[in-house]
Amino acid sequence: MQIRLQTFPRLGDVTTVKAKKQSIMAVLEVPPHFASEDWQVSLWHISDGSDWSHLNLAAIVGEDKPIDLDGPESLSKLYFRADVPFKSSVQFTVRFRHACNAPWIWANQEYGIEDGLIISQDTGFTTQSLEDLIPNLGSEWTVSTLRSQAPDTRLWSLTSRIAPSSSNKSSFKDIDIGTPFNHFQKWFALVRTGIPWLAPRKGFTQFALDKGAILCSFSNDAGRNLVLLAVSGVDDILALFQSTNANSITLHARNDAPTERDITVLVSEGYEVDKAIAAVVYHARSLIWKYSESTNQSPQFNISTDFKPQWRENWYDGLGYCTWNSLGQNLTEDKILEALGKLEQNGVNISNLIIDDNWQSIDTTSQGEPGWLEFEANSTGFPGGLRGAVSKIKRSHRNIQHIFVWHALLGYWGGISPRGKIAEKYKTIQVEREDDGANMTVVDYDDISKLYDDFYSFLIQSGIDGVKTDAQCMLDTIGSASARKELINSYLDKWSIASLRHFGTAAISCMSQFPQALFHAFMPKIRPPVVARNSDDYFPDVPSSHRWHVWANAHNSIFTQYLNVVPDWDMFQTVHEFADYHAAARCLSGGPIYITDIPGRHNVELLNQVAALTTLGKSAILRPSVVGIAMDPYLDFDSGALLKIGSFHGSASRGISIMGVFQTSDAPKSCLTALREFRGVTQAVSYVVRAYTTGRVSNPLQFTDDHSPSVITAASAKGYEIYYAYELKSFSSQQWGLVSVASLGLVNKMTGCAAIESSSVERNTKISVTSKLKALGVFGVYISSLPKMTIDDNFMVSIFGHPVPRHTVKISSCADAVLEVDVQTAWKELGLDSGWSNELEVTVNILGI
């Protein structure tokens with residue numbers, strides 16, 4: 001008999017709560033023919049170190065049950081709950097059976113799930129001393145108390161000195177920091193995977209890193225979090241955390257300067273881990289800014305020449321296509337034209353084209369990595385030159401608004417070929433690479449700006465208006481201390497200036513998650529945000545990589561959300577086992593979306609869920625205004641639990657909370673999610689929750705003093721689900737009682753709520769719901785009294801004041817409280833024109849109030 005079990009708080013995890021009493025809920029999913037059995041659930045627990053005891057959980061019936069928005073299921077859900085009082089902690093597990101005389105089934109034996117641990121925050125504890133939090137703090141550190149810019153947190157800095165470089169070799173130093181809290185319950189870190197990327201690591205009471213980390217967070221048995229950030233990019237310092245066999249954390253630092261330097265670690269403490277992370281990042285940004293100002297190393301942007309004010313949406317609001325996985329390494333203009341033709345034949349309307357690697361003229365005669373020869377495209381694949389290829393593309397595909405080309409920051413994977421035109425024209429030097437020991441030719445400091453200005457001018461003359469600048473991490477492979485000091489920040493700054501001057505924001509920074517770039521280039525907010533790749537590549541042919549790819553991006557965004565970047569979760573293919581999974585994750589990311597489909601293999605139905613047509617006929621993606629992040633940094637990937645990605649759309653005071661749930665294993669899972677877990681929700685407001693794939697909506701949900709409504713969150717057959725929490729506006733009506741309404745956005749799009757530019761609800765003789773939308777689709781409005789109403793008697797719908805055709809308005813087949821308006825069909829049939837604007841205004845009037 002198939003039985004699934006879930007609990008809230010979750011078994012096998014450490015959960016921190018504020019109260020001294022916790023409601024523990026269990027959900028059994030059983031075959032329908034067994035649902036009527038006399039099911040019993042018993043909680044076994046240790047409260048505050050006492051002996052084990054058991055408590056029977058009571059069955060939950062009626063409106064107290066969690067909200068279930070799943071579609072028809074083969075299993076029935078049974079709910080049980082009990083309140084457990086305690087002072088500091090509760091360790092627990094559960095057992096269940098289907099009858100009084102049946103044997104008990106224990107969760108740990110049946111499912112291999114460890115006990116759960118609930119910890120009450122020790123809010124009475126206060127400290128001004130970092131030594132209280134790290135009792136064995138290393139003696140080489142100087143501790144300074146700082147003012148935190150994040151609420152409810154404390155902040156310190158640790159500083160020590162490191163010797164100068166000598167004989168053109170960097171100096172290195174390892175300094176022990178100590179064991180956070182002397183003992184911790186769980187930890188999270190972001191480590192360097194190879195040279196270019198970040199990835200998450202996590203564990204429980206044993207701290208073990210396989211690679212150096214830039215950020216570490218620890219949670220203790222009092223519910224407090226200690227966050228450490230290793231500062232790089234200041235004074236030619238590179239710093240990373242490492243673990244020890246003594247369960248402590250150390251710092252490994254490198255100094256490229258010929259003078260003694262300071263090493264800095266920022267440490268914050270708070271009950272909410274997101275605030276503690278914000279505290280160290282905010283202060284690091286101020287350190288980077290002060291350092292750049294004092295050393296005159298910050299990029300100097302000239303407002304009059306580097307910026308061209310214009311009104312238009314961001315380029316990354318359009319759907320893109322990249323040639324990398326789709327067309328392979330033998331790239332030619334014919335292959336690109338064929339691929340674009342197939343897209344158009346299949347009705348795929350892209351706005352951005354990225355011509356990836358293998359268009360350049362490179363020196364293939366060298367023994368090592370090829371070097372860059374000249375600006376012009378290789379004659380084999382592009383016989384008419386880059387300009388000729390771009391002209392053909394633009395003549396044949398007028399829907400394409402932006403064309404990008406790929407290049408490495410240093411030219412190509414092997415830098416500059418010493419035998420080419422570039423080496424003849426620009427001053428070059430040879431540097432030794434630490435990763436492979438090879439010598440590489442690069443353009444020297446004096447000519448970096450000239451190289452980028454000349455190359456980008458050539459690209460613009462060829463019809464190119466954007467660049468994907470890859471392999472930026474190669475700067476960190478340079479071995480010589482003097483070359484590192486002179487070139488790393490200089491290349492980062494001069495590329496930033498040149499790309500902004502020539503292309504505005506139409507640039508993608510790739511393979512740039514190495515510490516110096518993260519701090520020096522991405523922390524200061526002195527230019528418009530740059531699109532930056534957020535993780536390692538998308539690998540379509542590696543089955544084990546797909547769930548991890550989404551997991552890594554969501555966790556990396558916990559840190560990168562604070563940087564001056566738009567996170568790019570990389571391309572994906574729409575005809576693939578994990579296509580829907582990747583598509584949903586990209587929609588939640590808040591970054592660009594571009595596909596890399598093999599020509600002729602396109603899932604148009606999926607793309608129609610990702611993108612929408614604007615009133616001007618362009619294809620737009622619907623990006624939430626807040627980037628998506630993993631909601632629990634400490635959750636273990638190998639636990640098989642659902643990954644929750646939280647996002648938000650709207651203003652700080654009002655908006656729509658979005659939560660995606662993603663399977664991390666083949667086994668179907670569901671989990672209990674409290675409404676308070678949704679980003680941006682407030683207890684003073686009522687909400688309605690909607691599920692994307694099923695279209696089902698909850699009844700109005702309200703917080704009580706000691707209770708947050710719960711939702712059963714579960715992935716669909718495609719491995720994901722997206723939930724939206726909409727704030728309700730409520731009005732009393734003599735005829736209908738309390739009427740609650742909410743604008744849902746475009747309900748046929750994964751992040752259709754992000755199509756809402758603004759929305760208002762007014763009440764006079766009628767209730768008017770007016771929404772400004774950035775794209776066309778099926779517009780939805782939640783109306784609590786809709787099941788008792790009729791469309792003909794109670795509604796008038798208009799676009800810009802023009803009544804829409806009656807057949808474009810209906811009640812949703814998935815939810816009888818959702819009114820749907822096919823705005824795209826109505827717009828076409830009415831023959832409307834928005835003029836210069838991308839927006840349209842839809843008004844739903846509720847009559848007879």
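What you see is a predicted model, and the numbers here were worked out from it, not measured in a lab.
Taking CG of Asn325 as the start and CG of Asp541 as the end, the distance is 8.0 Å to the nearest 0.5 Å. Here NE2 of His549 is found 6.0 Å from NE2 of His582. Values are rounded to the nearest 0.5 Å. For the atom pair CG of Asn399 and CG of Leu319, the computed distance is 10.0 Å after rounding to the nearest 0.5 Å. Between Asn564 atom CG and Met523 atom CE the span is 11.5 Å, to the nearest 0.5 Å.
Across all non-hydrogen atoms, the minimal contact from Phe404 to Val467 is CD2-N, 3.4 Å. The two residues Ala775 and Leu746 make their nearest non-hydrogen contact at O-CD1, 3.8 Å. A pairwise comparison of heavy atoms in Ile629 and Ser557 identifies CG2-O, 3.5 Å as the closest pair. Pairing each heavy atom of Trp372 with each of Gly411, the nearest pair is CE3-CA, 3.4 Å. The two residues Tyr456 and Ala498 come nearest to each other via the heavy atoms CD1-O, 3.8 Å. For the residue pair Leu190 and His555, the shortest heavy atom distance occurs at CD2-O, 4.0 Å.
When ring centroids are compared, Tyr412 and Trp406 come within the 6.0 Å threshold. With ring centers used as reference points, His546 lies 6.0 Å or more from Phe539. Within the 6.0 Å centre-distance limit, the rings of Phe637 and Trp548 are counted as a close aromatic pair. Taking the six-membered ring for Trp, Tyr538 and Trp569 have ring centres at least 6.0 Å apart.
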Side chain to side chain contact (heavy atoms under 4.5 Å, CB included) between Leu492 and Gln472, intermediate numbers included: CA-CA 8 Å; Leu492 293 172; Gln472 300 199 19; 3.8 Å; yes
Test salt bridge (Lys or Arg N to Asp or Glu O under 4.0 Å) applied to Asp454 and Lys425, step by step: CA-CA 11 Å; Asp454 291 349; Lys425 184 173 181 179; 3.6 Å; yes
side-chain hydrogen bond (donor to acceptor under 3.5 Å, both in side chains) between Ser351 and His402, worked out: CA-CA 7 Å; Ser351 299; His402 304 282; over 6 Å; no
Salt bridge (Lys or Arg N to Asp or Glu O under 4.0 Å) between Asp476 and Arg484, worked out: CA-CA 8 Å; Asp476 198 30; Arg484 290 174 63 86; 2.8 Å; yes
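Taking the six-membered ring where tryptophan is involved, the planes of Tyr581 and Phe578 are perpendicular, since the angle between them exceeds 60° and thus also 30°.
Leu373 meets the side chain to side chain contact (heavy atoms under 4.5 Å, CB included) test with Ser361, Asp363, Ser417; sequence neighbours excluded. With sequence neighbours excluded, the residues forming a side chain to side chain contact (heavy atoms under 4.5 Å, CB included) with Ser457 are His502, listed by chain and number. Applying the ring pair (Phe, Tyr, Trp, His ring centres under 6.0 Å) criterion to His602, with sequence neighbours excluded, gives no partner residue.
Although no hydrogens or angles enter the test, the distance criterion places no donor-acceptor pair under 3.5 Å between the side chain of Asp236 and the main chain of Ala257. Using modelled atom types, no side-chain atom of Ser589 and backbone atom of Gly628 make a donor-acceptor pair closer than 3.5 Å.
Taking 4.0 Å as the cut-off between side-chain N and carboxylate O, Asp256 and Lys169 do not count as a salt-bridged pair. Checked for salt-bridge contact, Asp453 and Arg501 meet the test: a charged N lies under 4.0 Å from a carboxylate O. Between Lys427 and Asp446, at least one side-chain N (NZ, or NE/NH1/NH2) sits under 4.0 Å from a carboxylate O, which counts as a salt bridge. Electrostatic pairing of Glu434 and Arg254 counts as a salt bridge here, judged by a charged N lying under 4.0 Å from a carboxylate O.
A cation-pi arrangement is found for Lys494 relative to Tyr445, the charged atom lying closer than 6.0 Å to the ring centre and inside a 45° cone about the ring normal.
Judged purely by distance below 3.5 Å, without hydrogens or angles, the side chains of Asp357 and Trp413 pair a donor atom with an acceptor atom.
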